[in-house]
Amino acid sequence: MPTERPIAGVILAAGKGTRMKSDLPKCLHALAGLPMAEHVGRALASAGCSLIVVIIGHGGELLQAGLPEGRYTFCTQSEQLGTGHAVQMAELALRQYDGPVLIAAGDTPLLSSTELMELRTHHERAGAAVTLASCCLKDPTGYGRVMRGLDGRVTRIVEQKDANDLERSVKEVNSGVYVVESSVLFRLLPRLGANNAQGEIYLTDIVAEAARDGLRVEACLFDDPSAFAGVNDRWQLAQAATVMRERILRKWAMNGVSIEDPGTTFIDADVVIGPDTMIRAMTLLEGNTAIGAGCMVGPGTQIISGTLEDEAVVIQSVVNRATLRKGARCGPFAHLRPGTILGERAKVGNFVEVKKASLGDNVSISHLSYIGDATVGAGTNIGAGTITCNYDGIRKFTTTIGEGCFIGSNSTLVAPVQIGNGAFVAAGSVITRDVATDALALGRARQEDKEGWAARWRKQSQVEGS
Ligand code: UD1
Ligand code: CA
């Protein structure tokens, strides 16, 4: 039951994340190609938060630069005095806002809008002032424990370091995700002290403060704790990444994509794939890669923000910011670099590198070539070992090859140079001047044959050797 009230979001991401042992702020560490804080931000946005405040501190500039522009409002917490103090930093950014605030830590990347919507619905239905997400853990070590009175109502949260043995035996923990009415939040926060084991201003203390004021405090108990897993070190990051990876693979499988081996397939969060595409083993699809329907990708392939139109095929290759039009093929062992476009049904074969080159439809470069800074017209065949010499050590130059050309094997095309439509280049040529339409260019020494030379040489060598 979606509610009409607007909702704001706050992401706590100012902490250093000491256990990551990293120069990067913790919440900037990525899984499935996106920083942890961005995963949390997306969950908040899809749960309906139109205004999202990110509290930054440690490595704040890096974090701000690593998140998409325009989506977040950043507030700086220059000293990390605790989670309660962190939320106080959002007060100015939320001064025009009156309503529920969804608060989440930037180190819980597996949160999705499902849990957040459920939490919010619980909050609205109960008419609560504060609602926290809780779950029961077999081993609650490290988490704050949810304390309830005899009537079952939540009275306070006790942090691990402040808890006595009896309190530590409680299995219901605070997940670190809350909905709090803004008026309540900014009224209670200034009252919180730091009289606790860590000398910090705990956000969790607003629970006791609200209960003391007679406000309604709710804990929304979730059966499955996995979405709330916090990432504090790199092993937890790797484990969270594994969970997210499986979620993404499952989503695509359910959308009609064949995943040959989920154990060795990595698909970033923003990748899109059409139905009846086959993703073979040991394949990484990264960044903003977009793959059409009926494609075949892998085995052993990495695609970084590449585009494959329908029925394209990529086998054991690296495709980096390149486009394959419908039915184009590349590999095995091809390297398509940024700015490359393969026309429809074009074919790039083994040990071919293409950089910033546009190949027309049905172009074929089947073996051992480097084509860079070039345009190749439709239907042209480029023989094995052809090289475009695009660089003189200082500047780059372009090669233009027309339609229906035949470039003989082992040709060297010294740019800038143009080959006209329908022209032939003889094998082994070094082409330094433009070639006219339909011409044949021979750029090599003429062959010379010496009758009987080899036999004479062998005979001579035997005499000298004996
Ligand atoms: C917190 C909760 C705990 C809960 C757990 C769930 C408090 C006091 N405790 O503990 O009850 O069970 O989360 O994962 O809130 N941060 C700031 N500024 C600060 C301190 C922290 O922005 O001054 C940020 C951190 O970057 C982090 C988040 O707040 O993203 C949570 O802080 P962390 O120190 O990890 O809290 P926990 O000890 O995990
Ligand atoms: Ca944490």
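Every number for a ligand or one of its atoms is a count from 1 in the order of the listing. Counting from 1, the numbers follow the sequence of the chain as shown.
Residue contacts with ligand 1, taken as heavy atom pairs separated by less than 4.0 Å, involve Ala14 via backbone and side-chain atoms alike. Residue contacts with ligand 1, taken as heavy atom pairs separated by less than 4.0 Å, do not involve Thr108 at all. Neither the backbone nor the side chain of Glu200 has a heavy atom within less than 4.0 Å of ligand 1.
Residue pairs that meet the salt bridge (charged side-chain N to carboxylate O under 4.0 Å, His left out) test with at least one member in residues 47-65, sequence neighbours left out, do not exist here.
Under the rule for a salt bridge (Lys or Arg N to Asp or Glu O under 4.0 Å), the partners of Asp107 that lie at least two apart in sequence or sit in another chain are Lys26.
Closest to atom 35 (O) of ligand 1 among all protein heavy atoms lies Asp107 OD2, 3.6 Å. What sits closest to atom 13 (O) of ligand 1 on the protein, heavy atoms only, is Gly176 CA, 4.5 Å. In terms of protein heavy atoms, atom 27 (C) of ligand 1 is closest to Leu12 O, 3.9 Å. Here the protein heavy atom with the shortest distance to atom 26 (O) of ligand 1 is Gly15 N, 2.8 Å. Among all protein heavy atoms, the one lying closest to atom 28 (C) of ligand 1 is Ala105 CB, 3.7 Å. The nearest protein atom to atom 5 (C) of ligand 1, hydrogens excluded, is given as Asn174 O, 4.1 Å; this is a heavy-atom distance. The nearest protein atom to atom 11 (O) of ligand 1, hydrogens excluded, is given as Glu159 OE2, 2.6 Å; this is a heavy-atom distance.
Nearest N/O/S atom of Asp107 relative to the Ca ion (ligand 2): this is OD2.
The OG1 atom of Thr399 lies 11.0 Å from the CD1 atom of Ile387; values are rounded to the nearest 0.5 Å. Annotation: the span from Ile157 atom CD1 to Asn174 atom CG amounts to 4.0 Å, rounded to 0.5 Å. A distance of 13.0 Å separates CZ of Arg395 from CG of Asn390, quoted to the nearest 0.5 Å.
Protein non-hydrogen atoms do not reach within 4.0 Å of atom 1 (C) of ligand 1. Within the 4.0 angstrom cut-off, atom 39 (O) of ligand 1 has no protein heavy-atom neighbours. Put simply, atom 15 (O) of ligand 1 has protein non-hydrogen atoms near it, under 4.0 Å away.
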Apply side-chain contact (heavy atoms from CB on, under 4.5 Å) to the pair Asn362 and Glu344, showing each step before the final yes or no.
CA-CA 6 Å; Asn362 298 304; Glu344 292 190 10; over 6 Å; no
Pair Glu38-Arg71, salt bridge (charged side-chain N to carboxylate O under 4.0 Å, His left out): steps then yes or no:
CA-CA 10 Å; Glu38 171 65 3; Arg71 192 146 358 123; 2.7 Å; yes
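One N or O on the side chain of Glu309 and one on the backbone of Lys326 form a donor-acceptor pair closer than 3.5 Å. One N or O on the side chain of Tyr391 and one on the backbone of Gly393 form a donor-acceptor pair closer than 3.5 Å.
Checking only distances, Tyr178 never comes within under 3.5 Å of ligand 1, N or O to N or O. Between Gly142 and ligand 1, no N or O atom pair is found at a separation short of 3.5 Å. For ligand 1, one of its N or O atoms has an N or O atom of Gly82 under 3.5 Å away.
Taking a cut-off of under 4.0 Å to the non-hydrogen atoms of Gln77, the atoms of ligand 1 that pass are 17 (C), 18 (N), 19 (C), 22 (O), 23 (O). Proximity to Gly106 (heavy-atom distance under 4.0 Å) selects the following atoms of ligand 1: 30 (O). For ligand 1 and Gly144, the ligand atoms under 4.0 Å from any heavy atom of the residue are 3 (C), 4 (C), 11 (O), 12 (O). Of all atoms in ligand 1, listed by their number and element, those nearer than 4.0 Å to a heavy atom of Thr83 are 7 (C), 8 (C), 15 (O), 20 (C), 21 (C), 29 (O), 31 (C), 32 (O). Near Ser175, meaning under 4.0 Å from any of its heavy atoms, are these atoms of ligand 1: 6 (C), 14 (O). Set against the non-hydrogen atoms of Thr204, the atoms of ligand 1 under 4.0 Å away are 7 (C), 8 (C), 9 (N), 11 (O), 15 (O). The distance from ligand 1 to the heavy atoms of Tyr202 drops below 4.0 Å at these ligand atoms: 8 (C).
Judged purely by distance below 3.5 Å, without hydrogens or angles, the side chains of Glu286 and Thr289 never pair a donor atom with an acceptor atom. Between the side chains of Thr340 and Lys355, no donor N or O sits under 3.5 Å from an acceptor N or O. For the residue pair Ser364 / Ser366, a side-chain donor-acceptor distance below 3.5 Å is found, with atom types taken as modelled. Counting only N and O atoms by type, the side chains of Gln236 and Arg19 include no donor and acceptor under 3.5 Å apart.
Ligand 1 has no atom lying under 4.0 Å from any heavy atom of Val173. The closest approach between a heavy atom of Ala86 and any atom of ligand 1 is below 4.0 Å. For the pair His85 and ligand 1, no heavy-atom separation below 4.0 Å is found.
Annotation: Lys16, atom NZ; neighbour count of heavy atoms from other residues, nucleotides and ligands within 6.0 Å does not exceed 12. Surrounding CZ of Arg191 are more than 12 heavy atoms belonging to other residues, nucleotides or ligands, all under 6.0 Å away. Atom CZ of Arg329 has 12 or fewer heavy atoms from other residues, nucleotides or ligands within 6.0 Å.
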